[in-house]
There are 2 protein chains.
Amino acid sequence: MTSSLEAGIQSIAELSRDASDLLLHATRQKPLAKGQVLLSEGQVCKTIWYVEKGYLRTFYNKDGKEINTRFSFENEFVTDLKSLRSGVPSACWIQAGEAAVVWEFAKETLLELYRQSAEIESFGRNLLEQMLVDQEDHANLFRIHSLTERYAYVVRHFPQLLQRVSLSQLSSYLGMARETVSRIRKNR
Amino acid sequence: MTSSLEAGIQSIAELSRDASDLLLHATRQKPLAKGQVLLSEGQVCKTIWYVEKGYLRTFYNKDGKEINTRFSFENEFVTDLKSLRSGVPSACWIQAGEAAVVWEFAKETLLELYRQSAEIESFGRNLLEQMLVDQEDHANLFRIHSLTERYAYVVRHFPQLLQRVSLSQLSSYLGMARETVSRIRKNR
DNA sequence: TTCATTTTGTGATTTTCGTCACAGGTTGAT
DNA sequence: ATCAACCTGTGACGAAAATCACAAAATGAA
C-alpha cells in the first residue's frame with residue numbers, strides 16, 4: 001500500500017493490481033491553498049476529487065448566504081454528481097476549507113476506464129452506493145431529527161466536524177442559526 | 001418494447017437484447033393491495049422494487065408518528081439501500097400507497113448478474129447515479145428552501161404528488177405540519 | 001342514500017427559533 | 001507585541017410555525 005489514495009480505493013472495492021494501477025494512472029495530485037475554489041456555481045463539473053489531506057467544503061449561495069451541504073475529509077470522494085452526470089451548470093461551490101491535497105479524476109477518463117474494465121465499473125458502482133447511503137443519512141438528519149438531535153448526531157458520528165469546522169460553518173450544515181448551535185452546545 | 005419494466009430499464013441504460021433479457025428473467029411481478037407492507041422496520045432488506053402501477057411510500061416511525069421520506073411512482077426503482085448493502089436491519093418501512101403492481105429484484109440475483117454482465121453492472125451504476133441525484137435534490141429542498149418554496153417546488157416539479165397523495169401524507173414529506181401546508185396552499 | 005370515517009380548513013394560543021445587537025475571545029499577519 | 005479580522009456567547013425581541021380544538025367537507029362502504 002503505497003499511498004493514501006490506493007488505500008482509499010481499496011476500501012471502496014477490492015481491485016486487482018491491474019485495475020488499481022489503471023485508476024492510479026488516471027489521476028494526478030493537486031495541492032490546494034485554503035479557500036481555493038475547485039468548482040464555481042455556474043460552471044460544469046467535469047471532475048471527481050479524492051481528499052488526501054485537509055477538507056473540501058460544498059456550499060450553495062442562497063440570497064447572499066452560504067449554506068454548507070457537505071464537508072469532505074481525508075479519504076473521501078466528492079463531486080457535484082448532477083452537473084457531472086448531465087453536463088448542466090453546477091448550482092454549488094466546492095472549495096478547500098483548509099490547505100489541502102486532492103487527487104483529480106477527469107470524468108471522461110473515468111468513463112473510458114469503465115468501458116475498459118469491469119472491475120473499475122464495479123468500483124464506480126460501489127462508490128456510488130456508499131455516497132448514496134451517506135447522502136440518505138444526512139437527509140434524514142433534517143427529516144426525522146430535531147435541532148438538538150441533529151447536533152447530538154454530529155457529536156456522536158462526526159466528532160471531527162466539531163473540531164475542524166467553525167461553529168458558524170457548522171450551523172448552516174445543520175440547518176439552524178449560529179446562535180442556536182451555540183445555545184444547544186451550552187445545554188449539554 | 002413489450003412491458004413497462006423493459007422501458008424503465010432502457011431509460012436508465014441502453015442494454016442489448018441479451019442483457020435486457022437477463023434482467024427481465026431475474027424478476028417477477030407482484031400485485032399489491034393498498035397498504036400492503038413490502039419492508040418493515042427491523043427487517044433486513046433483500047430486494048429492489050420497480051413500480052409498474054400505483055405507488056410505494058417510504059416512511060420512518062418517529063415517536064409514533066410516520067414521517068414520509070419518499071413516494072415512488074410508476075417507472076421508479078426503490079429500496080432501502082443502507083439495509084440492502086450492509087445487511088443491517090432497516091430503519092424504515094416501505095408500503096403500497098395505492099393498489100399497486102411491482103417487479104421484484106432479489107439482491108443476490110442482481111449481484112450475480114453484475115458478475116456475469118458488464119452491461120448490467122453499468123446499468124446498476126447508472127441507476128445509482130440517478131437515485132443519488134434525486135436524493136440530493138430532495139435533501140436540498142430542506143437545506144436551501146423555505147417552507148413556502150418547498151411547496152412551490154413540488155407544485156412545479158412533482159405535481160402528481162399533490163394529486164395522488166393526501167395533504168397529511170405530504171406534510172411530513174415536506175417537513176412541516178399538516179395545517180401549515182393547508183395555509184400555504186391557500187395563499188397561492 | 002345514509003352514515004361512519006377520514007381528510008381538510010381555520011382560528012386561538014404557545015413554543016421555538018431566527019434576527020438583532022453587542023461584548024468578549026481568539027487568531028493570525030506584520 | 002499590536003491590531004484587525006473573525007468567531008463565539010448571550011440577552012432582548014419578534015416572526016414563523018407547531019399545537020390544540022373544532023367545524024366543514026369529502027370519501028367510501030353497506
Side-chain angles (χ1 to χ4, degrees), chain A residues 32-36 54-55 57 59-69 71 95-100 141-155 159-188, chain B residues 33-36 54-55 57 59-68 71 95-100 141-155 159-188:
Chain A
L32 302 174
K34 177 173 179 173
Q36 192 170 340
Y55 73 87
R57 177 169 77 95
F59 64 95
Y60 289 75
N61 201 308
K62 160 86 172 173
D63 306 331
K65 277 187 187 170
E66 292 181 358
I67 301 181
N68 297 309
T69 57
F71 297 98
Q95 188 191 43
E98 298 174 347
L141 258 191
F142 286 81
R143 298 192 277 216
I144 60 185
H145 295 301
S146 69
L147 300 194
T148 310
E149 287 167 343
R150 279 181 221 168
Y151 183 81
Y153 188 91
V154 167
V155 169
Q160 68 175 338
L161 215 50
L162 302 170
Q163 287 147 21
R164 295 175 66 180
V165 170
S166 79
L167 181 141
S168 324
Q169 297 285 330
L170 183 66
S171 64
S172 67
Y173 179 79
L174 293 176
M176 60 185 96
R178 177 182 66 74
E179 293 90 335
T180 306
V181 188
S182 177
R183 289 176 182 124
I184 288 174
R185 170 192 279 180
K186 193 178 65 164
N187 300 327
R188 288 178 59 93
Chain B
K34 176 173 178 174
Q36 191 170 340
Y55 73 86
R57 176 169 78 94
F59 64 94
Y60 289 74
N61 199 308
K62 160 84 171 175
D63 306 331
K65 277 188 190 170
E66 293 180 356
I67 300 180
N68 297 309
F71 297 98
Q95 189 191 43
E98 300 174 347
L141 256 191
F142 286 81
R143 298 192 278 216
I144 61 186
H145 296 301
S146 70
L147 299 195
T148 309
E149 287 168 341
R150 280 181 220 167
Y151 182 80
Y153 188 89
V154 167
V155 169
Q160 66 173 341
L161 215 51
L162 302 170
Q163 286 147 22
R164 295 174 66 180
V165 170
S166 79
L167 180 143
S168 325
Q169 297 285 330
L170 182 67
S171 65
S172 67
Y173 179 79
L174 294 177
M176 62 185 94
R178 177 183 65 75
E179 294 90 335
T180 306
V181 188
S182 176
R183 288 177 183 124
I184 287 174
R185 169 191 281 180
K186 193 179 65 164
N187 299 327
R188 286 177 62 90

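We name chains A, B, ... by the order of the sequence lines, and we start the count at 1 in each one.
Phosphate proximity of C:dC17 to A:R183: absent, as no side-chain N or O sits under 4.0 Å from OP1 or OP2. At the phosphate of D:dC6, neither OP1 nor OP2 sits under 4.0 Å from any side-chain N or O atom of A:S168. In this structure, A:T180 reaches the C:dG18 phosphate: one of its side-chain N or O atoms is under 4.0 Å from OP1 or OP2.
Note: CG (A:L147) to C1' (D:dA16) measures 13 Å, nearest angstrom. With rounding to whole Å, A:K62 atom NZ is found 15 Å from C:dG18 atom P. Here C:dC17 presents its P atom at 11 Å from CG of A:N187, a figure rounded to the nearest Å. Per the geometry, CD1 belonging to A:I184 stands 15 Å off P belonging to D:dT8, to the nearest Å. As a whole-Å value, the separation of B:E66 CD from C:dT7 P is 11 Å. Taking atom CG of residue A:L174 and atom P of nucleotide C:dC17, one finds them 13 Å apart after rounding to whole Å. Rounded to whole Å, the distance from NZ on B:K186 to C1' on C:dT10 is 7 Å. When the P atom of C:dG24 is taken as reference, atom CG of A:L167 falls 20 Å away, rounded to whole Å.
Atom CG in A:N68 sits 9.0 Å away from atom CD in A:Q95 (nearest 0.5 Å). Atom CG of B:L174 sits about 9.0 Å away from atom OH of B:Y151, to the nearest 0.5 Å.
Looking at B:E98 and B:R57, no side-chain N of the basic residue comes within less than 4.0 Å of a carboxylate O on the acidic one, giving no salt bridge.
Here the side chain of A:S166 is nearest to one of C:dT8, D:dC7, D:dG9, namely D:dC7. In the set C:dT10, C:dG18, D:dG9, the nucleotide with an atom closest to the side chain of A:M176 is C:dG18. The side chain of A:R185 lies closest to D:dG9, out of D:dG9, C:dC17, D:dC7.
Ring planes of B:F142 and A:F142: tilted class, angle from 30 to 60°.
Looking at residues two or more places apart in sequence or on another chain, you find a side-chain hydrogen bond (donor to acceptor under 3.5 Å, both in side chains) between B:R143 and A:H138, B:N140. For A:L147, the side-chain contact (heavy atoms from CB on, under 4.5 Å) criterion is met by A:R150, A:M176, A:T180, A:I184, not counting sequence neighbours.
Between the side chain of A:R178 and the base of C:dG18, no donor-acceptor pair of N or O atoms lies under 3.5 Å. Contact of A:E179 with C:dC20 (side chain to base): a donor-acceptor pair of N or O atoms is detected under 3.5 Å.
Rounded to 10 degrees, the angle separating the terminal axes of the helix from C:dT1-D:dA30 to C:dT30-D:dA1 is 60°, with each axis obtained from five end pairs.
Looking at which nucleotide of DNA chain D each of B:K65 and A:S182 is closest to, the 5′-most match is held by A:S182.
The nearest pair of heavy atoms linking B:A96 to B:A33 is CB-O, 3.5 Å.
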